[in-house]
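The next block holds one structure in the form of structure tokens; read it before the comments.
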Amino acid sequence: MWGIIATWRMAQEGISKASELLKDGGDAGDAIEMAIREVEDFPFYKSVGYGGLPNEEMEVELDAAYMDGDTFDLGAVAAIKDYANPISIARRLSKEKVNSVLVAEGAEKFAHKEGFERKNMLTDRAKIHYRNRVKEVQEQEITPYAGHDTVGMVCLDEKSKMTAATSTSGLFMKRKGRVGDSPIAGSGFYVDSKVGGASATGLGEDLMKGCISYEIVRLMKEGMHPQEACEKAVLELDKELKERRGKAGDLSLIAMNCKGEWGVATNIEGFSFAVATANEEPTVYLTKMVDGKCVHEVASQEWLDNYMKTRTAPLVEK
Ligand code: GLY
């Protein structure tokens, strides 16, 4: 059995490529890295890699992580600037016995030493988004902290190796140096090849409060199906946050177990995800919570066409 599941529609091209590799007996580490790089390289996805939205100082600071579920090798970078593929740097760091999670200049120094590709990740389109948002915030007093669509994935290969990985530009207009859940093990991702893996997207500050990816893997270890584990973890964290703090940020989780069964849960409307397994061609779903259960629906061709049209539409400066 093999499989790969990812947050958001933006992962579809990546998981399609990765599924070809997995079909041919490819490695879960190579497949997940390839899939995430595909998202990082696409300039129209504005929350990951090249074209990602900047922080309040108009700098693109990126977070990424990689974990191997066989060995528990784990590497991450946070607030890294000017490198094309943070996921590859995170994977390389996962091989280090110590110093495997690096931030900002330290991460950049490591990436330079290892010969990773340097790139200015701030696109003209992202600059327009930034300037528009500055104006909106001035005019309407809306919060600058909207838009945080991390790509998070879990992968299983034919040899039963599992991996998890994330990549994000984090919150739009975040404070310089702000780190979300995505490079934090247990919060943004976790994987154990004997059990399964999970990964998150949403408001990092709230996802971290529940160590939610680890919690889902723990529930799967107790015997829960990934769908049940995701629903329980998301509902409970959402409830706890509302009780203790008055509100809960966006929480969306994907998971796959070591049998290739998958699950997804969210507390928002319109969460999309992509999945491919030995039994299922790459498919994009939309999901929503109805009475404590997540109902998944295959995205229509119209929805998919509209998605790409809106992502690539010319952007007007306000
Ligand atoms: N979940 C991504 C972030 O909060 O940075």
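The model shown is predicted, which means the values in this text are computed figures rather than measured ones. We count ligands from 1, going down the list as the structure has it; atoms in each ligand are counted the same way. Quick note: residue numbers are just sequence positions, from 1.
- K119 NZ: more than 12 foreign heavy atoms inside a 6.0 Å radius.
- Listed by number with element, the atoms of ligand 1 under 4.0 Å from a non-hydrogen atom of S182 are 1 (N), 2 (C).
- Geometrically, K288 does not engage F271 in a cation-pi contact defined by less than 6.0 Å to the ring centre and at most 45° from the axis.
- Using a 4.0 Å cut-off between charged side-chain N and carboxylate O, D27 and R91 make a salt bridge.
- E302 and N306 form no side-chain donor-acceptor contact under 3.5 Å, judged by distance and modelled atom types alone.
- Residue G202 approaches ligand 1 through these ligand atoms, each under 4.0 Å from one of its heavy atoms: 1 (N), 2 (C), 3 (C), 4 (O).
- For R178, the heavy-atom gap to ligand 1 drops under 4.0 angstrom.
- By the 3.5 Å distance cut-off applied to N or O atoms, T150 is counted among the residues near ligand 1.
- Considering backbone and side-chain atoms alike, G204 places an N or O below 3.5 Å from some N or O of ligand 1.
- For ligand 1 and G170, the ligand atoms under 4.0 Å from any heavy atom of the residue are 5 (O).
- Atoms of ligand 1 lying under 4.0 Å from at least one heavy atom of D181, given by number and element, are 1 (N), 2 (C), 3 (C), 4 (O).
- For the pair R311 and Y307, the cation-pi criterion (under 6.0 Å, within 45° of the ring axis) is fulfilled.
- Going from atom CD of Q12 over to atom CG of L304 covers 6.0 Å, rounded to the nearest 0.5 Å.
- Atoms of ligand 1 found under 4.0 Å from any heavy atom of G180, numbered from 1 in the order shown, are 5 (O).
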